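Note on naming: letters A, B, ... go to the chains in the order of the sequence lines (proteins, then strands), and numbering restarts at 1 for each one. This structure is a prediction, so every number in the text was calculated from the model and none was measured.
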There are 2 protein chains.
Amino acid sequence: MTLALDPRDIRILQILSSEGRLSKSELARRVNLSPSPCWERIKRLEKAGLIKAYRAEVDLARLSAHVVIFVVVELESHRAESFRVFEEAVTKYPEIIECWAIGGGVDYLMQVVTGDINSYQRMIDELLESSVGLKRYFTYIVTKKVKSEPPALDLLLKPQID
Amino acid sequence: MTLALDPRDIRILQILSSEGRLSKSELARRVNLSPSPCWERIKRLEKAGLIKAYRAEVDLARLSAHVVIFVVVELESHRAESFRVFEEAVTKYPEIIECWAIGGGVDYLMQVVTGDINSYQRMIDELLESSVGLKRYFTYIVTKKVKSEPPALDLLLKPQID
DNA sequence: CTTGAAACAAAAGAGAA
DNA sequence: TTCTCTTTTGTTTCAAG
């Protein structure tokens, strides 16, 4: 199922991705629509799964001391079963907030958030001892977040349009 | 300014970080409060900057073909000025959606989203030619997103509580 | 797409536990 | 204080044109 999206839909998605709690009437104003058609577009986007969720972005820095760590992981074996086992383990650790399978000689990149380095090391040790197929890992500790913003949807779609 | 947060505040933050558009009355029900005190807590959390923003999470995969790429970057020089120059360049590229300064022998990790590999390479070439101090870079192409979820706030706060 | 009406939520205040 | 209850205003949702 393919959904026809016009520039207004893209703009709605773009606005909601930085102001997710904007009222539907204000959103309608911003895209030059009256509330009803705008409401129908939003519902359409939600039902089609283009809007996966709405989330509050919590400022962890103000909430508590913590560390953010990226871990590049290489597995011992590259059989399908090994990937499955590792990925299942990953889902079980709440400290691992993101994980991507990647190419380039290594297998996974994970983003980990814990209270301190010790709890990170404890988690890694546990992973190593739990025969989950972890062969090597490399730790990058985040010292500063330089940038974070949602993708520019119009820019991403331009190549398709012309 | 330090804000006293009780377990109910944490629960509110946790719920909103996965259901950002939940009505305040429903949220009140979930944390066993009536709407007014709950409303005041939310306002308090927003004003204190603990809730930085509300965002719709857009499913890029359903929106358009694209590639997600992680880039590990090493700079030529480690003078403060060099970092400043590079970070300023990073903010100018909308394709770079996240960037972290990291320890571990390299300097930055960036997450890039573009329409295809070619536009990624064009961006890198531009960065290399624009004397922004980029010495070496390593490209990890994402083949699959394994996991993505907001941090478990209660877990992160436990070490502070006991 | 517009109008418009009924249901619902947000915001702020008065006062009780 | 901190919550409950009430009121006003504005928003959401949807039917009908």
Side-chain angles (χ1 to χ4, degrees), chain A residues 1-60 62-64 150 153-154 157 160-161, chain B residues 1-59 62-64 150 153-154 156-158 160-162:
Chain A
M1 166 224 177
T2 311
L3 204 61
L5 297 179
D6 67 14
R8 224 184 228 137
D9 291 307
I10 304 304
R11 208 161 132 58
I12 288 173
L13 290 173
Q14 190 81 66
I15 291 171
L16 287 178
S17 60
S18 58
E19 293 167 81
R21 215 150 170 164
L22 202 64
S23 82
K24 294 186 173 58
S25 38
E26 172 59 19
L27 181 57
R29 252 165 264 146
R30 298 227 198 144
V31 297
N32 297 311
L33 278 177
S34 45
S36 300
C38 184
W39 182 80
E40 273 157 29
R41 278 166 188 261
I42 296 164
K43 279 297 145 207
R44 191 166 133 265
L45 295 170
E46 287 171 353
K47 276 177 193 149
L50 272 154
I51 296 173
K52 277 200 281 194
Y54 294 92
R55 302 187 179 289
E57 193 185 332
V58 172
D59 190 342
L60 276 192
R62 292 186 198 220
L63 188 63
S64 84
L153 304 180
D154 50 351
L157 286 167
Q160 287 193 315
I161 289 163
Chain B
M1 167 222 177
T2 311
L3 203 62
L5 297 178
D6 66 14
R8 223 182 228 138
D9 291 308
I10 304 304
R11 188 111 200 292
I12 289 173
L13 290 172
Q14 190 81 67
I15 291 171
L16 287 178
S17 59
S18 57
E19 293 167 81
R21 217 154 166 158
L22 203 63
S23 82
K24 294 185 172 57
S25 38
E26 172 58 20
L27 182 58
R29 249 166 268 144
R30 298 227 198 144
V31 297
N32 296 311
L33 276 179
S34 46
S36 297
C38 185
W39 183 81
E40 273 158 28
R41 277 167 188 260
I42 295 164
K43 280 295 146 211
R44 193 165 131 263
L45 295 170
E46 288 171 353
K47 276 177 194 149
L50 271 154
I51 296 174
K52 276 200 281 196
Y54 294 93
R55 304 189 177 287
E57 193 185 332
V58 172
D59 190 343
R62 290 185 198 220
L63 188 63
S64 83
L153 303 180
D154 50 350
L156 212 69
L157 285 168
K158 235 169 234 161
Q160 287 193 317
I161 288 161
D162 60 16

Length of the line joining A:L33:CG and C:dT3:P, which is rounded to integer Å: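 Whole-Å distance recorded here is 13 Å.
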Between A:Y54 (OH) and C:dA9 (P), how many Å, whole number? 16 Å
Send over the distance from A:R41 CZ to C:dC1 C1', rounded to a whole Å. 10 Å
Are B:R44 and B:I12 close enough that some pair of their side-chain heavy atoms sits under 4.5 Å apart?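 Of all side-chain heavy-atom pairs linking B:I12 with B:R44, none is under 4.5 Å.
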Salt bridge present between A:E46 and A:K43 (N-O < 4.0 angstrom): yes
Would you call A:R41 and A:V31 a side-chain contact if the rule is heavy atoms closer than 4.5 Å?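 They are not in contact (no side-chain heavy atoms under 4.5 Å apart), so the answer is no.
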What integer distance in Å separates B:I42:CD1 from C:dA11:C1'? 12 Å
Are B:L50 and B:L5 side-chain neighbours, meaning at least one heavy-atom pair lies under 4.5 Å? yes
Residue pair A:E19 / A:L27, side-chain heavy-atom distance below 4.5 Å: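 Not in contact.
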Can you tell if the side chain of B:L16 reaches within under 4.5 Å of the side chain of A:R21, non-hydrogen atoms only?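 Yes - at least one pair of side-chain heavy atoms lies under 4.5 Å apart.
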Rounded to whole Å, please give me the gap between CD in B:E40 and C1' in C:dG13. 10 Å
Please report, rounded to the nearest Å, how far the P atom of C:dC1 is from the CZ atom of A:R44.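 About 10 Å, once rounded to whole Å.
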Protein-proximity profile, nucleotides 7-13 of chain D, B/S/- by nucleotide at the 4.0 Å heavy-atom cutoff, equals ----SSS
